[in-house]
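All remarks here apply to the structure that follows.
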Amino acid sequence: MSNIRIHSEDTVMVITGKDRGKFGKVRRVFRSKNSLLVEGVHMVKRHMRKNPYTNQPGQIIDKIMPVHVSNVMLVCPSCGLPTRVGFRFVEKDGQTKKVRFCKKCNEVIARGNR
Ligand SMILES: [Zn+2]
């Protein structure tokens, strides 16, 4: 089982594909698929056909497709750079906690949604 080092609400930068260099906020993480939904990244146009039964008009909608974790890098909130993530253990309130840290500036990266 691989572990995803990126959580929802993190900011990531895309490193491959047509969206290379784009920054976006992670909206959802699909652990089982090792993929993420990133705001504004990997958008595709879906052409909806007119449906005569429900009277729905034909339209084009933007849909966000998941990107594989290997295609993005976490952006460190402290130094603002795309970085690799390490783990270390810190002691807080008598408990040992596993935290992520930035391999560039060595700062702890807090979980955005906590
Ligand atoms: Zn950093």
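Listed by chain and number, the residues in a salt bridge (Lys or Arg N to Asp or Glu O under 4.0 Å) with Lys103 amount to none (sequence neighbours excluded).
Closest heavy-atom contact between Ile64 and Gly40: CD1-N, 4.2 Å.
How far SG of Cys79 is from CD1 of Ile109: 8.0 Å, rounded to the nearest 0.5 Å. The line from CD of Gln56 to CZ of Arg49 is 13.5 Å long, rounded to the nearest 0.5 Å. With values rounded to the nearest 0.5 angstrom, Lys98 atom NZ is found 5.0 Å from Phe87 atom CZ. In this structure, Asn71 CG and Arg20 CZ are separated by 10.5 Å, a value rounded to the nearest 0.5 Å.
A donor-acceptor contact shorter than 3.5 Å is absent between the side chain of Arg46 and the backbone of Ile61. Side chain of Lys104 to backbone of Pro82: a donor-acceptor contact under 3.5 angstrom is found. Not a single donor-acceptor pair under 3.5 Å links the side chain of Asp93 to the backbone N or O of Gln95. Checking side-chain atoms of Asp19 against main-chain N and O of His42 turns up a donor-acceptor pair under 3.5 Å.
Within 6.0 Å of the NZ atom in Lys22, the count of heavy atoms belonging to other residues, nucleotides or ligands exceeds 12. For Asn55, the CG atom counts as loosely surrounded, since its 6.0 Å shell holds 12 or fewer non-hydrogen atoms of other residues, nucleotides or ligands. Within 6.0 Å of atom CE in Met48, 12 or fewer heavy atoms from other residues, nucleotides or ligands are found, so the atom counts as exposed in its surroundings. Within 6.0 Å of the NZ atom in Lys18, the count of heavy atoms belonging to other residues, nucleotides or ligands exceeds 12. More than 12 non-hydrogen atoms from other residues, nucleotides or ligands lie less than 6.0 angstrom from CZ of Arg88. Arg28 CZ: 12 or fewer foreign heavy atoms inside a 6.0 Å radius.
Linking Ile, Leu, Val, Met, Phe, Trp and Tyr whenever their side-chain heavy atoms come within less than 4.5 Å puts Val85 and Val26 in one cluster. Residues Val41 and Ile4 fall within the same hydrophobic cluster, defined by Ile, Leu, Val, Met, Phe, Trp and Tyr side chains chained together at heavy-atom separations under 4.5 Å. When hydrophobic clusters are built by joining Ile, Leu, Val, Met, Phe, Trp and Tyr residues whose side-chain heavy atoms come closer than 4.5 Å, directly or via intermediates, Leu36 is not grouped with Ile15. Note: the hydrophobic cluster containing Val14 does not contain Val75 (ILVMFWY, side chain heavy atoms under 4.5 Å, direct or indirect links). Met73 and Leu37 sit in two unconnected hydrophobic clusters of ILVMFWY residues. Membership requires side-chain heavy atoms under 4.5 Å apart, directly or through other members.
Asp62 is listed as a side-chain neighbour of Lys45, based on a closest heavy-atom distance under 4.5 Å. For the pair Lys63/Met43, no side-chain contact is recorded, criterion being any heavy-atom separation below 4.5 Å from C-beta on. With a 4.5 Å cut-off on side-chain heavy atoms, Thr11 and Pro77 do not count as touching. In this structure the side chain of Cys105 reaches within 4.5 angstrom of the side chain of Glu107, judged on heavy atoms.
For Glu91 and Lys97, the salt-bridge test fails: no basic side-chain N is under 4.0 Å from an acidic carboxylate O. We find that Arg100 and Asp10 are joined by a salt bridge, their nearest charged nitrogen and carboxylate oxygen being less than 4.0 Å apart.
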* Going through the distances and angles, do Cys102 and Thr83 end up as a side-chain contact (heavy atoms from CB on, under 4.5 Å)? -> CA-CA 6 Å; Cys102 169; Thr83 186; 3.5 Å; yes
